[in-house]
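Every heavy atom of this structure was used, including side-chain atoms; hydrogens, water molecules and symmetry mates were not. Quick note on labels: first sequence line is chain A, next is B, and so on, each numbered from 1.
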2 protein chains.
Amino acid sequence: MPSESELASEFDVSRATIRTVLASLASEGLILRKQGDGTYLNPLIREVNTHLGGVWEFRRLIESSGYKATIKALTTETRVAQASELSALGLPPGSQALVLRRLFFADLKPVILATNIIPYAMIIQPAGPIDGTLDIREILRRYCNKKIAFAISDVQARLANGEATEILQCEPGLPLLQISITFYDQDNHPLACGQSYYDDTTLRLRLVQSWG
Amino acid sequence: MPSESELASEFDVSRATIRTVLASLASEGLILRKQGDGTYLNPLIREVNTHLGGVWEFRRLIESSGYKATIKALTTETRVAQASELSALGLPPGSQALVLRRLFFADLKPVILATNIIPYAMIIQPAGPIDGTLDIREILRRYCNKKIAFAISDVQARLANGEATEILQCEPGLPLLQISITFYDQDNHPLACGQSYYDDTTLRLRLVQSWG
DNA sequence: CAGTGGTCTAGACCACAGG
DNA sequence: CTGTGGTCTAGACCACTGA
């Protein structure tokens with residue numbers, strides 16, 4: 001790649017500005033920087049589908065694995081939140097929540113079953129019909145006017161239960177990745193949570209980590 | 001937290017220097033920054049054991065989950081590398097490799113069974129006895145004079161096989177997390193690879209991801 | 001040796017939040 | 001309005017690499 005100075009003069013900005021951009025690319029492992037030598041593209045990066053732990057961006061994850069991603073909204077219902085959801089979202093018992101059930105396909109194969117829970121009180125009223133094929137970030141932005149600052153996720157190995165085997169069309173007893181995630185805003189308030197079952201036989205969860 | 005200007009004058013450096021540090025902390029989700037307001041510590045960060053996808057730093061992972069980490073070196077042998085190892089490491093068929101087998105304990109419970117493969121040709125000769133309790137980064141640095149630039153890992157759910165159930169003292173058929181990783185240097189050459197089985201019943205793999 | 005990235009300075013202006 | 005973080009400039013010196 002061109003040197004920092006060359007890039008700086010090419011785009012007519014200071015070298016410091018170029019450096020901030022390159023630093024963020026390097027932290028994701030997209031480029032490799034060698035002091036005294038130069039900056040190089042990482043040729044292996046095409047094989048990676050997850051950067052910086054964004055394990056829940058399923059659409060991008062499927063597409064960067066070379067499949068066509070389609071999202072099918074299974075159900076959109078309002079119900080009383082369960083105990084685990086109440087504690088994750090910091091809600092009082094009996095709170096209503098919007099539950100989005102979605103299925104992600106890689107090409108035509110169902111690979112991820114995702115359930116997202118949003119406190120009903122957080123949704124801007126009047127709540128029109130919610131587009132279940134949207135990214136969770138976009139849903140929170142559009143229907144709740146909230147912005148995700150960070151998320152905490154648990155990754156576990158779980159056996160497929162009855163419902164998951166049926167929807168994902170897999171054998172009972174197949175081990176699946178279970179991803180439980182909670183999204184927070186900048187004030188540390190939980191915005192939404194979710195639980196996903198990930199069939200890793202077709203779609204590998206592959207991530208890169210770099211050391212500057 | 002103190003403002004950028006305050007920190008700059010306190011440590012007698014420029015604000016740009018402070019910003020570099022804070023930016024790296026924010027990218028790991030350790031602090032939350034709000035324009036027009038201030039910088040805040042993320043109080044939830046104690047509950048997270050993995051930052052930036054460092055899913056293979058098992059010692060740190062165990063300790064940050066509140067357990068005492070001990071590492072037991074099971075075996076250290078030199079053998080012909082297997083097909084999957086040859087392809088991961090870019091070696092010709094028949095190459096010798098050093099195989100490190102290690103067991104990680106959380107308190108007294110075995111939680112992670114890790115196997116690391118290092119090309120024999122990469123080890124600085126004469127090879128003394130290798131300390132199997134060292135971090136893989138430290139092993140590569142000390143015995144190979146190599147530095148890891150980045151790593152690519154696959155995370156999958158797998159059923160415990162006979163050997164893993166025995167060593168990890170778990171039920172046969174228990175789903176485990178399988179982490180397959182390859183380490184690379186700055187020139188994109190593979191340095192080592194590894195395969196680990198992770199019992200997530202005691203130790204949760206919990207990671208944070210942030211959006212600036 | 002010349003050129004690279006790594007680090008740093010001392011300013012500047014802007015967008016934004018809170019009182 | 002003041003103070004915050006976000007962005008940027010135009011320099012500087014250093015450590016390191018490769019020829």
*asked:* Heavy atoms within less than 4.0 Å of DNA chain C: which residues of residues 2-10 of chain B have one? Give them sorted by number.
replied: none
*Test: A:Glu57 and A:Arg137 ion pair at under 4.0 Å*: yes
*Look at B:Lys109 together with B:Asp199 and state whether they make a salt bridge at an N to O cut-off of under 4.0 Å.*
yes
*Could you check B:Thr76, B:Thr115, B:Asn116, B:Thr75 and say which one makes a side chain to side chain donor-acceptor pair (under 3.5 Å) with B:Arg101?*
B:Thr115
*Specify the separation, in whole Å, of atom CD1 of A:Ile18 and atom C1' of D:dC8.*
12 Å
*Sugar-phosphate means primed atoms, P, OP1 and OP2; the rest is base. With that split, encode nucleotides 11-19 of chain C 5' to 3' as B, S or - using protein heavy atoms under 4.0 Å.*
-B--BBBS-
*Under 4.0 Å between a Lys/Arg side-chain N and an Asp/Glu carboxylate O for A:Glu63 and A:Arg60?*
no
_Tell me every residue that passes ring pair (Phe, Tyr, Trp, His ring centres under 6.0 Å) with B:Phe183, counting only those two or more places apart in sequence or in another chain._
B:Trp56
*Does OP1 or OP2 of C:dC8 have a side-chain N or O of B:Thr20 closer than 4.0 Å?*
no
*Tell me, with the steps shown, if A:Ser14 and A:Thr17 meet side chain to side chain donor-acceptor pair (under 3.5 Å).*
CA-CA 5 Å; A:Ser14 79; A:Thr17 308; 3.2 Å; yes
_Any B:Arg33 side-chain nitrogen or oxygen under 4.0 Å from OP1 or OP2 of D:dT4_ = no
*Do you know the tightest heavy-atom contact between A:Leu113 and A:Leu103?*
CA-CD1, 4.1 Å
*How long is the line joining OH of A:Tyr40 and P of D:dT17, in whole Å?*
12 Å
*Side chain of B:Thr39 - closest among C:dC8, D:dG5, D:dT9*: D:dG5
_Could you tell me how far apart A:Gln186 (CD) and D:dT4 (P) are, to the nearest whole angstrom?_
17 Å
_5' priority, DNA chain D, between B:Asp187 and A:Asp12 [closest heavy atom]_ = A:Asp12
*asked:* Tell me the interatomic distance from A:Arg19, atom CZ, to C:dT9, atom C1', rounded to whole angstroms.
replied: 14 Å
*Relative to A:Phe105, does A:Lys72 satisfy both conditions: NZ or CZ under 6.0 angstrom from the six-membered ring centre, and within 45 degrees of the ring's axis?*
no
*Report the relative orientation of the aromatic rings in A:Phe104 and A:Phe58; use parallel for angles under 30°, tilted for 30 to 60°, perpendicular for over 60°.*
perpendicular
